[in-house]
Amino acid sequence: MPTSIARSGSVLADFLATVAQSESAAAQATYTDALVDGQLGDPDENGFTVDPENSRISEAEPAVSGGVSTTIIIIAAVVGVVGLIAVVVVAIFLMRRHAARDKPPKKASSSMELEPNVAGNSDDGYQSLRMPRRQKSDHTYQGLMASSKTEDTPDVAYEDVKPSSEFPRNQLNIKEKLGQGEFGSVYKAEAWKISGGEGVKTVAVKELKGMSSPTASTAFFKELTVLKLLGTHPNVVSFLGCCTDAEPFYLLLEYVSGGSLQSNLRTSRTQQTYGNLHGGSKSLSSRDLTKFAWDVAKGMTFLSSKKIIHRDLASRNVLVSADRTCKVSDFGFSREGDEYERTTKTRLPIRWMAPESLFHRKYTTKTDVWAFGVLLWEIVTLGATPYPGMSKREVMDGVQQGYRMDKPKHCDAKLYNLMQSCWEVDPARRPEFRKIQRTLDSLMETEHDYINLATLDENTYTSLQTASDEKY
Ligand code: AMP
């Protein structure tokens, strides 16, 4: 390769010399023509000539050729430098290509078989998932990003996402289905060596379908960037990684074993009835419920500090851990409209929506605050459907006209005041999550029962169903 550079350099030098010669010859010819045409007088003994027409002393031949040769030298220098740079760039490119060709090819994996170097000690009983998988070529992350823009301009901002958050599918052992979400099923799974850990960790795998369209994939990777940068919080379900090399895309999340807050609240109803009838609750106490609200407020304070708008905060989207800690789930990927949802017409969580979201499609942290107020009401009523006895249309009309849900009899005024403040029509008058958290801090500090479960009016809060055209 150095020989070819030297050869290219000498060819370039010859070329530049030829250019200089021909330029000098051309200047000479012009000068001669001028003389012939009588535009210049004869040169004197000093080599100067008098312009007969303007009687102006000008430098004759030496002046003309001197100016031209300066120009030639500058042009030659510029051309030379540019040429040399071009030769060096081409040389580097050719050397790299040559080096790449010498590398051993990567092993192509077309199935979910566990690779030997990944499997490690087979005695650990770890069994990988065997699942047919598309080749990477047309569904790689790069390909998806490029397709949303131009063919060869992948979005650099999203480039970072893959190396640190992409998890090899063949290190996932998918087990039972946990539930059905908006975008696909959620499974329990075992992940081998995830998040820098050793051995197997139980995770939740959220399947995301319909991601190959440019719009969906762009939005997906944007959200992934957010999740990756989010960090962890005890009251927010942690993001552990993703599989985006082929469809279905998987989101890998912290596994939270206790189910949704909604199901916890509803399950506790039966036990509550038993508790009320037989004295002493065997289920959730008033303090447990206040703690749930407090946990969610802390999670939302964290999310809002990171400028994340949940858009679908409700008890069904809060998970409860084995030690009864609430964790906000399902954020980041919940979007109104068809960014992700491919299969069905968008259904909206109308009963949790602020007026500005319902009527102006506006979503802010303050619309999440409104939803938090409704979630608080869900907690107090052990998972009843908000606006009991009202249809979707009635809820929309009512909210627009300033209707707000009444205080449940068994709910303390302080807690209800907090709910009401979340339902201020002017978003600016609703409290920040930080303030909500502080209010709940103080409620948690006192021993008072803010929710008197012994007087829960089950007849008023039996509504656990929603019309089929609503989201929930
Ligand atoms: P989603 O798509 O978030 O609505 O999830 C549907 C269901 O899957 C939920 O109701 C939960 O029962 C379950 N689920 C979702 N995420 C998790 C998780 N991180 N850990 C355990 N179960 C989960």
Side-chain angles (χ1 to χ4, degrees), residues 165 167 172-191 194-195 197 200-211 216 219-220 223-224 226-228 230 232-243 248-268 292 295-296 299-300 302-303 308-336 339-344 346-349 351-352 368 371 375 378-379 383 385 464-466 470-472:
S165 53
F167 186 76
L172 261 188
N173 183 14
I174 295 190
K175 305 197 130 189
E176 75 262 23
K177 187 170 168 174
L178 292 169
Q180 185 67 36
E182 275 292 292
F183 310 118
S185 307
V186 181
Y187 300 93
K188 188 174 178 179
E190 287 173 340
I194 194 163
S195 296
V200 173
K201 182 183 170 89
T202 302
V203 298
V205 173
K206 192 170 270 196
E207 186 183 67
L208 298 165
K209 285 181 176 159
M211 285 293 135
F220 175 82
E223 299 299 354
L224 216 48
V226 173
L227 287 183
K228 191 192 137 203
L230 184 63
T232 58
H233 187 277
N235 301 111
V236 170
V237 174
S238 303
F239 168 72
L240 300 174
C242 56
C243 303
F249 286 5
Y250 290 149
L251 268 188
L252 311 182
L253 302 164
E254 170 190 8
Y255 173 69
V256 187
S257 63
S260 74
L261 175 58
Q262 186 186 60
S263 63
N264 273 262
L265 294 169
R266 290 183 177 181
T267 305
S268 80
F292 287 163
D295 282 349
V296 177
M300 288 308 297
F302 174 74
L303 287 182
I308 290 182
I309 303 167
H310 193 297
R311 291 176 166 84
D312 197 5
L313 182 60
S315 69
R316 63 183 169 271
N317 287 328
V318 172
L319 297 173
V320 183
S321 69
D323 65 355
R324 280 191 174 164
T325 299
C326 282
K327 290 170 184 268
V328 179
S329 170
D330 240 6
F331 55 91
F333 286 88
S334 47
R335 283 282 181 280
E336 189 221 341
E339 282 181 19
Y340 301 114
E341 211 174 336
R342 314 266 112 209
T343 48
T344 55
T346 304
R347 291 173 301 142
L348 298 170
R351 293 170 195 268
W352 286 261
D368 279 350
L375 184 147
E378 288 184 273
I379 290 175
T385 300
L464 302 177
Q465 284 168 10
T466 313
E470 283 184 68
K471 191 167 183 177
Y472 297 101

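Indexing begins at 1, ligand by ligand and atom by atom, following the structure's order.
- Between atom CZ of residue F249 and atom SG of residue C243 there is a gap of 10.5 Å, rounded to the nearest 0.5 Å.
- Note on ligand 1: K206 sits in its first shell, one or more heavy atoms being nearer than 4.0 Å.
- Around atom 14 (N) of ligand 1, the closest heavy atom drawn from V186, L253, V205, V318 belongs to V186.
- Taken to the nearest 0.5 Å, the SG atom of C326 stands 9.0 Å off from the CG atom of L319.
- Atom NE2 in H310 sits 9.5 Å away from atom CG in L375 (nearest 0.5 Å).
- Residue-level proximity to ligand 1 for E254 is carried by the backbone, the only part with a heavy atom below 4.0 angstrom.
- W352 carries R316 over the face of its six-membered ring, with the cationic atom under 6.0 Å from the centre and within 45° of the normal.
- Taking any N or O of D330, backbone or side chain, at least one lies under 3.5 Å from an N or O belonging to ligand 1.
- Per-residue contacts place Y255 under 4.0 angstrom from the following atoms of ligand 1 (heavy atoms of the residue considered): 20 (N), 21 (C).
- Below 3.5 Å of separation, one finds no N or O of A204 facing any N or O of ligand 1.
- From D368, atom CG reaches atom CE of M300 across 4.0 Å, with rounding to the nearest 0.5 Å.
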